[in-house]
Amino acid sequence: MEQPHDYDEMNRKPLRVTINAPKRLLSSTVTPSQPPSVLPDELLTEILLRLPAKLLLRLRCVCRSWRTLISSSNFAKEHVQRSIAADPSLSGPRVAYHHSWEYKHNTFGDFSLGSLFENPSEPPEVVFFEERRRHEIIGSCNGLLCLHESVDTLNNHVMLWNPCTGLTSHSLQICGFIWISGFGHDHVNDVYKLVTTVYQKQTIPHTSATRIYTFCQNPSIRQMQDIPFRSIYGDGKGVFVPGTATLNWIRQHGARDFMVLSLDLVNETFSEFSLPPKDPDNKTFFFPHLCVLRNCLAVCFNHEKTHWSVWLMEEYGVPQSWTKLVTIPCHPRLGGDHLCPLYIWGNNVLVTVASSKKRVLYNLDNESFEFPVLKPTTTTLSLSTGLEFHIYHESLVSPSFGGFRGSSSRIWLIKD
């Protein structure tokens, strides 16, 4: 097992650069009688901002000025904003997956979402990483994965990891059982925030506390209004909606009534709004699941094992803007599964994961199903049971905070 100094170093191919190459991009119209002209810095920056994150990591080696530019936090911020909002292909949408808590493994799987479509007859290549302790992904934002690693039920550590650059932050210790959690970006103050509701089992009577942790140059921890954790439906992980600075959970009111509990990360206040109206022809639904599709809050319902419906909230926080995206008929290979949508590829393929952990591609145009498989592996990360899947976008954003530089010393690449 090899511990890389920097993830991109392992995959970088030799770059052919002439010894006397200028440090700026030359114009193609140079003539012997005319001195070479260079592109203005603004234009060079604009060109580099249009390139994928992986390529930019390799281009840092061209010259010192390119390395300085590409490594700057302002460049990384502008690149991720452009790529995720305007051209997702630049951010290389990827899928990270890991075992849920009952399977005590400490391995991550990682593959390109595009590989499911580039050659459907071939299983996608999966990259595997290993961490020291068992872990789970709390959430992802701007290319950063927020990892929760557990020593025991009362001793937890949280860190940020950028799989594209291979860098991690230093760990943040949280004492107590983490019942509710969420990770997102406050774009107004340009800081990343983690929200947890910690349940103190060792105290009598048992107590809980909701705290918000700010990852920035001067990290802070504040106690805030408690999340009613016993009424939160699902796995307790908040869904971050880009551009809104909000984390969202489903809160159950009574046996069959559900609301969205929203946390504004800027003002650190809660609000609630309703889910889509029930279908008058099918008044019962099961397993509501929140997700993000097309940068909008979305929800998927399982309707009495007959079909699934997926809705988008086109204007965040406005219940009247819920719009049905698709009704998916039941399929024999899915049985009574509920679906967890991950992404819409192009404009017409919904990528989902079933509760049986099957990967499902549903074509919105011709209503067809595909069930892609991943390449078999010899690692301990089984592809069949107990997996959780997360979408993230490749970026150059640094996971460091509090004056500490990012480090790659915590997570290793496994050469399967």
key: Nearest atoms (heavy-atom pairs only) where I227 meets T210   = N-OG1, 3.0 Å
task = Work out which heavy atom in S395 is nearest to a heavy atom in G143; give both atom names and the distance.
result = OG-CA, 3.5 Å
inquiry  = With a 4.5 Å cut-off on side-chain heavy atoms, are I232 and L261 touching?
reply    = yes
ask   = L297 pairs by side-chain contact (heavy atoms from CB on, under 4.5 Å) with which of F273, W311, F240?
value = F273
ask   = So which heavy atom on F183 is nearest to which on L247, and how close?
value = O-CD2, 3.5 Å
note = Sorted by chain and number, sequence neighbours left out, side chain to side chain contact (heavy atoms under 4.5 Å, CB included) with Q173 holds for N155, H157, C175
key: Contact check, side chains of W345 and L361, non-hydrogen atoms, under 4.5 Å   = no
key: Reported CG-to-OG distance for the pair N162 and S140, which is rounded to 0.5 angstrom   = 11.0 Å
task = Mark yes or no for whether W249, through its side chain, and Y233, through its backbone, hold a donor-acceptor pair below 3.5 Å.
result = no
key: Y362: partners by ring-ring contact (aromatic ring centres under 6.0 Å, His included), with sequence neighbours left out   = F369
ask   = When rounded to the nearest 0.5 angstrom, what distance separates SG in C340 from CZ in F389?
value = 10.0 Å
query = Is it the case that N74 and S72 place a side-chain donor and acceptor less than 3.5 Å from each other?
reply = no
key: Flag side-chain contact, heavy atom, 4.5 Å: I137 against L147   = yes
Residues that D264 engages under side-chain hydrogen bond (donor to acceptor under 3.5 Å, both in side chains), provided they are two or more places apart = N267
ask   = Does any N or O in the side chain of S169 come within less than 3.5 Å of the main-chain N or O of L160, such that one atom is a donor and the other an acceptor?
value = yes
Over 12 foreign heavy atoms within 6.0 Å of CG, D190 = yes
task = Check whether any side-chain heavy atom of Y316 sits under 4.5 Å from a side-chain heavy atom of S262, and report yes or no.
result = yes
message = Rounded to the nearest 0.5 Å, what separates atom CD1 in I328 from atom NE2 in H303?
response = 10.5 Å
